[in-house]
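Here it is, the structure in full.
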Amino acid sequence: MSNDEGICSVKLIQIAAPDFDLEKTLNSGQVFHWEKIDSGFCGTIGNVAAYLEQRGDALEGGAPATPDWQELVPPLAELVRHYFALDHSLAQICASFPDDKLMNTAREFCRGLRIIRQPKWECLATFICSPMKQVAHIRQISRKLRERFGEALEVCDQGVYTFPPAERVAQGSEKQLRECRLGYRAKNLLATARLAASGDIDLEKIATLSDADLRAALCALPGVGPKVANCVMLFAYERLGAFPIDVWIERVLREKYFARKRKVTTKRLRDFSANYFGAHGGYAQQYLFHHARMTGRRRGKGQAGEICA
DNA sequence: CTCCAGGGATGAT
DNA sequence: ATCATCCATGGA
């Protein structure tokens, strides 16, 4: 625990975080609201505002010292450990990845990247906003939703907003949601918010379902198809085998694992992904996604390094 | 300017 | 079950 105040005026605590990369984790397209502030990040964990900064094998974390804060929520360190899944055995997970050229490159490139545990509604709502949107734009939508419907908090002289509960979004109008730049996704978010607010769908209760049943329950919601369902399963329901296939991953699969093969159906890609990448396929997927997005840039046709299956 | 983005719903084969 | 088309928006 250190009292020296840099930019941040709140008291910072130390949290051991071996085998963890905060920046890679927050910028890998799984969560969209954390904002870089000097050498750290400001955001919310549930309804708690937090500042986090990596110092080697540890995190320095700070949260506003409200009088009754310690009575209301678990200690910040515990919150951070759970949110960032610091209990995941990353070595074991990475060891379960297939041993091929691209996977080995991605595994090295993404060292320390963790699949975090996001609040279920926050994750579902955010990914309903994601279809046909770039990561940068999803971040913008998330920010506008929070600014308009969330609760304003402050940490380190930085304003942050909680993600509005389904009940709050359900009170809004489609017009208000469109003003948050959701476009045609506004109708879907509103409809799903109403289902969650009314109790017609219980996002906590369905956590007990099998993977297949959970996926079906999520796909029954407006604006949720196989891809969004898999993201929500992976990022909010701890289903580490869920393998979302977006345009980046599909490109990787077709160019690196099915090079020079025509008539590769989406079903074939899905079956291959489910079997080839193992029990923690979702983790492997996230590593491939982040690596492709950071290094790809170019739609390079069959570059060297094809794997073939 | 054009192209594309962590796709899904709908209706026609 | 698979396939075509439409859907808003803004960054590159």
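Numbers restart at 1 for each chain; the letters A, B, ... are given by sequence-line order, proteins then strands.
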Check against ring-ring contact (aromatic ring centres under 6.0 Å, His included), A/F127 and A/F32: CA-CA 10 Å; A/F127 275 96; A/F32 303 91; 5.4 Å; yes

Distance in angstrom units between A/H137 NE2 and B/dG7 P, rounded: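 Checked: the NE2 to P distance equals 13 Å.
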
Sugar-phosphate only, base, or nothing, as touched by A/L288 at under 4.0 Å among non-hydrogen atoms: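 Counting heavy atoms under 4.0 Å across all strands, no contact is made by A/L288.
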
Length of the line joining A/I138:CD1 and B/dA5:C1', which is rounded to integer Å: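 Taking atom C1' of B/dA5 as the reference, CD1 of A/I138 is at 8 Å.
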
Any A/R181 side-chain nitrogen or oxygen under 4.0 Å from OP1 or OP2 of C/dA8: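 For C/dA8, neither OP1 nor OP2 has a side-chain N or O of A/R181 closer than 4.0 Å.
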
Sugar-phosphate, base or nothing in reach of A/I141, heavy atoms under 4.0 Å: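 Result for A/I141 = nothing.
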
Out of C/dA8, B/dG7, C/dT9, whichever nucleotide has its closest atom nearest the side chain of A/V228: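 Out of C/dA8, B/dG7, C/dT9, the nucleotide with an atom closest to A/V228's side chain is B/dG7.
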
Neighbour count >12 (heavy atoms, 6.0 Å) for atom NZ, A/K120: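 Yes, NZ of A/K120 has more than 12 neighbouring heavy atoms, counting only those of other groups under 6.0 Å.
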
Residue-phosphate contact under 4.0 Å: A/Q134 side-chain N/O, C/dT9 OP1/OP2: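 Answer no for this pair, as no side-chain N or O of A/Q134 is under 4.0 Å from OP1 or OP2.
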
Sugar-phosphate only, base, or nothing, as touched by A/T126 at under 4.0 Å among non-hydrogen atoms: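 Contact class for A/T126: none.
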
Sugar-phosphate only, base, or nothing, as touched by A/Q286 at under 4.0 Å among non-hydrogen atoms: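 It contacts base atoms.
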
A/D202: partners by salt bridge (charged side-chain N to carboxylate O under 4.0 Å, His left out), with sequence neighbours left out: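 Once residues adjacent in sequence are excluded, A/D202 has no partner under the salt bridge (charged side-chain N to carboxylate O under 4.0 Å, His left out) criterion.
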
Touch class at under 4.0 angstrom, heavy-atom based, for A/G223 against every strand present: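 The residue A/G223 makes sugar-phosphate contact but no base contact.
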
Closest-nucleotide ordering on DNA chain B, the 5'-leading residue of A/F289 and A/C219: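 By nearest-heavy-atom nucleotide position, the 5'-most residue is A/F289.
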
A/R185 vs C/dC7: side-chain N/O to OP1/OP2 distance below 4.0 Å: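 For C/dC7, neither OP1 nor OP2 has a side-chain N or O of A/R185 closer than 4.0 Å.
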
Lys/Arg N to Asp/Glu carboxylate O, A/E122 vs A/R146, below 4.0 Å: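 Salt bridge present between A/E122 and A/R146.
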
Whole-Å distance separating the CG atom of A/L124 from the P atom of B/dG8: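 Atom-to-atom, A/L124 to B/dG8, this comes out as 12 Å.
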
Side chain of A/Y184 - closest among C/dG10, B/dG7, C/dT2: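 Shortest atom-to-atom distance from the side chain points to B/dG7.
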
Salt bridge A/K144-A/E147, side-chain N to carboxylate O under 4.0 Å: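 Judged by the 4.0 Å cut-off on N to carboxylate O distance, A/K144 and A/E147 do not form a salt bridge.
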
Which nucleotide in B/dG8, C/dG10, B/dA5 has an atom nearest any side-chain atom of A/R251: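 The nucleotide sitting nearest to the side chain is B/dA5.
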
Nearest-0.5 Å distance that lies between atom CG in A/L52 and atom CD in A/E23: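 Output value for this atom pair is 13.5 Å.
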
Contiguous pairing runs of three or more, Watson-Crick or G-U under 3.5 Å, that involve DNA chain C: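 So far as stems of 3 or more pairs are concerned, DNA chain C shows B:2-5 with C:9-12, B:7-13 with C:1-7.
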
Spacing between A/R270 atom CZ and B/dG7 atom P, to the nearest angstrom: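 From A/R270 CZ to B/dG7 P: 18 Å.
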
Residues A/D211 and A/R215 bridged, charged N to O under 4.0 Å: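 Answer for the salt bridge query: no.
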
Spacing of the P atoms in B/dG11 and C/dA8 (rounded, Å):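 Going atom to atom, P in each nucleotide, I get 15 Å.
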
Euclidean distance, atom NZ of residue A/K133 to atom C1' of C/dC7 [Å, nearest integer]: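 Whole-Å distance recorded here is 11 Å.
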
5' precedence on DNA chain C between A/Q140 and A/M132 (nearest-nucleotide basis):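 Of the two residues, A/M132 wins.
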
Nucleotide B/dT10, atom C1' - distance to CG of A/N188 in whole Å: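 Spelled out: CG on A/N188 to C1' on B/dT10 is 12 Å.
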
Between C1' of B/dA9 and CG of A/L218, the distance in whole Å: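 Those two atoms, CG and C1', are 17 Å apart.
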
Rounded interatomic separation in angstrom, taking CG from A/L177 and P from C/dA8: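 So the CG-P distance, A/L177 to C/dA8, works out to 14 Å.
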
No-hydrogen, no-angle side-chain donor-acceptor test under 3.5 Å, A/Q286 and A/S28: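 Indeed, the side chains of A/Q286 and A/S28 share at least one donor-acceptor pair under 3.5 Å.
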
